[in-house]
There are 2 protein chains.
Amino acid sequence: MSNDANAMRRRNDGARRTQSGRIDAGPLTGYLGYALRRAQLAAYADFISSLNEVAISPGEFGVLTIIHQNPGLRPADVCTALGILKPNFVALLTSLERRDLVERRDSQSDRRAYALHLTASGRALLQRARTLQAEHEARLEKKIGARGRTELLRLLNKLADAS
Amino acid sequence: MSNDANAMRRRNDGARRTQSGRIDAGPLTGYLGYALRRAQLAAYADFISSLNEVAISPGEFGVLTIIHQNPGLRPADVCTALGILKPNFVALLTSLERRDLVERRDSQSDRRAYALHLTASGRALLQRARTLQAEHEARLEKKIGARGRTELLRLLNKLADAS
DNA sequence: TATTGTTATACTCTATAACTATA
DNA sequence: TATAGTTATAGAGTATAACAATA
């Protein structure tokens, strides 16, 4: 009898589930980490397609924004602010400089360091990127409402900040 | 005069900002995408350290969970459910099988496919992993409250679902 | 001694093309 | 023809060690 039960269970090998199309995610959908990952992937995908015209990644957008907000910032400071490791920032910065969006000026106060500034075309591109970002943001807000967005931002920042 | 202004601006090259320690993130903190990424990284870091004892990554936890919930599932179904690409699932599954957590049985209904099942030790490990996950979840909930967690889950799932 | 920018390197994730054996 | 599992491969993203110049 136990043998029959095992045999039946063994025969239920998932082929039928494929046709039915429904797979039970179990408790997964109730976990914050899983929900955060899915929402973040969806948001990033929308961001990337939204900013396709300016060909700026989320990371590059962050770098341009923070340099625009703090002209003269050094690479090490950008890395600290955005959680980028210094070795990984070199290629990113070089790419932005090659595209004539960012400029490395010599620092007056520390001959080891650079002072980062947006170029004129860097500022122009950032302005356009911000417009596209606002459209992206509006698309997300449409899904959860203005109040939902405010509440979501509050909760996310609480999660991210401090231990 | 314009020259003097430019010279002064150029001298403000960021060295002072380093000592002050404060860097203006600008509008970044008000963007959903930025907040989502920071929260997700924080949550994943906590998850990984929480499940250090069982040495299970978030992705592996999802795979074990979904196989446990749908015994006999085929790899292709797991991939569809979790958004994993089939070629990337091969190594992940092989690793779980080498650790004797998952078993690939031959499918009765389709000789191309496998029927995936947790082994006894796979089930035992998943049980322990769930306990650790619950502790992790509680740690996150402590930051935003029980009601905050419920609301956050609701908003995140709304963001992730459908267009 | 410590820090800045850098190179080299490696490991994980993710993505695409193409093969084989079945369906 | 299409699909399941697989291989090979390539590209991002992220991580550490170590170096020269400078503080």
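Note: hydrogens, waters and symmetry copies are ignored here, and every other heavy atom, side chains too, is used. Chain naming here is simple, since letters A, B, ... match the order of the sequence lines and numbering starts at 1 in each. Since we're looking at a predicted model, the values are computed, not measured.
For the pair A:Ile48 CD1 and C:dT14 C1', the interatomic distance rounds to 12 Å; values are reported in whole Å. The separation between A:Tyr44 atom OH and C:dC13 atom P is 17 Å, rounded to whole Å. One can place CG of A:Leu82 at 15 Å from C1' of D:dT14, the figure rounded to the nearest angstrom. Here the C1' atom of nucleotide C:dT22 and the CG atom of B:Asp106 are 13 Å apart, to the nearest Å. In this structure, the CD atom of B:Glu60 is 11 Å from the P atom of C:dT12, given to the nearest Å. The nearest whole Å value for the distance from the CG atom in A:Asp77 to the C1' atom in C:dT3 is 12 Å. Distance, A:Leu85 CG to C:dC11 P: 17 Å, rounded to whole Å. Put simply, CD on A:Gln40 is 11 Å from P on C:dT14, counting in whole angstrom units.
Taking A:Ser121 as the reference, A:Asp100, A:Thr119 meet the side chain to side chain contact (heavy atoms under 4.5 Å, CB included) condition, with sequence neighbours excluded. Listed by chain and number, the residues in a ring pair (Phe, Tyr, Trp, His ring centres under 6.0 Å) with A:Phe89 amount to none (sequence neighbours excluded). For the side chain to side chain contact (heavy atoms under 4.5 Å, CB included) test, residues two or more places apart in sequence or in another chain that qualify with B:Arg37 are A:Gln40, A:Tyr44, B:Leu41. For A:Arg130, the salt bridge (Lys or Arg N to Asp or Glu O under 4.0 Å) test picks out no residue, with sequence neighbours left out. Partners of A:His136 according to the ring pair (Phe, Tyr, Trp, His ring centres under 6.0 Å) rule, which considers only residues two or more places apart in sequence or in another chain, are A:Phe47. Applying the salt bridge (Lys or Arg N to Asp or Glu O under 4.0 Å) test to B:Glu60 and every residue at least two apart in sequence or in another chain returns B:Arg99. By the ring pair (Phe, Tyr, Trp, His ring centres under 6.0 Å) test, A:Tyr34 pairs with no residue at all, sequence neighbours left out.
Mapping A:Arg37 and A:Ala76 onto DNA chain C by nearest heavy atom places A:Ala76 at the nucleotide closer to the 5' end. For the pair A:Ala113 and B:Gly83, both in contact range of DNA chain C, the more 5′-proximal nearest nucleotide belongs to A:Ala113.
The closest side-chain heavy-atom distance from A:Leu126 to A:Leu101 is not below 4.5 Å.
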Give me, pair by pair, the N or O atoms of the protein and of nucleotides 21-23 of chain D that are less than 3.5 Å apart, along with how far apart they are.
residue : atom : partner  : partner atom : Å
D:dT22  : O2   : A:Arg112 : NH1          : 3.2
D:dA23  : OP1  : A:Arg111 : N            : 2.9

Derivation of the side-chain hydrogen bond (donor to acceptor under 3.5 Å, both in side chains) call for B:Arg139 and B:Ser50 = CA-CA 10 Å; B:Arg139 206 155 24 243; B:Ser50 296; 2.4 Å; yes
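Distances shorter than 4.0 Å separate some side-chain N or O of B:Arg104 from OP1 or OP2 on D:dT6.
Contacts between residues 86-102 of chain A and DNA chain C, defined by a heavy-atom separation under 4.0 Å, are made by A:Lys86, A:Pro87, A:Val90.
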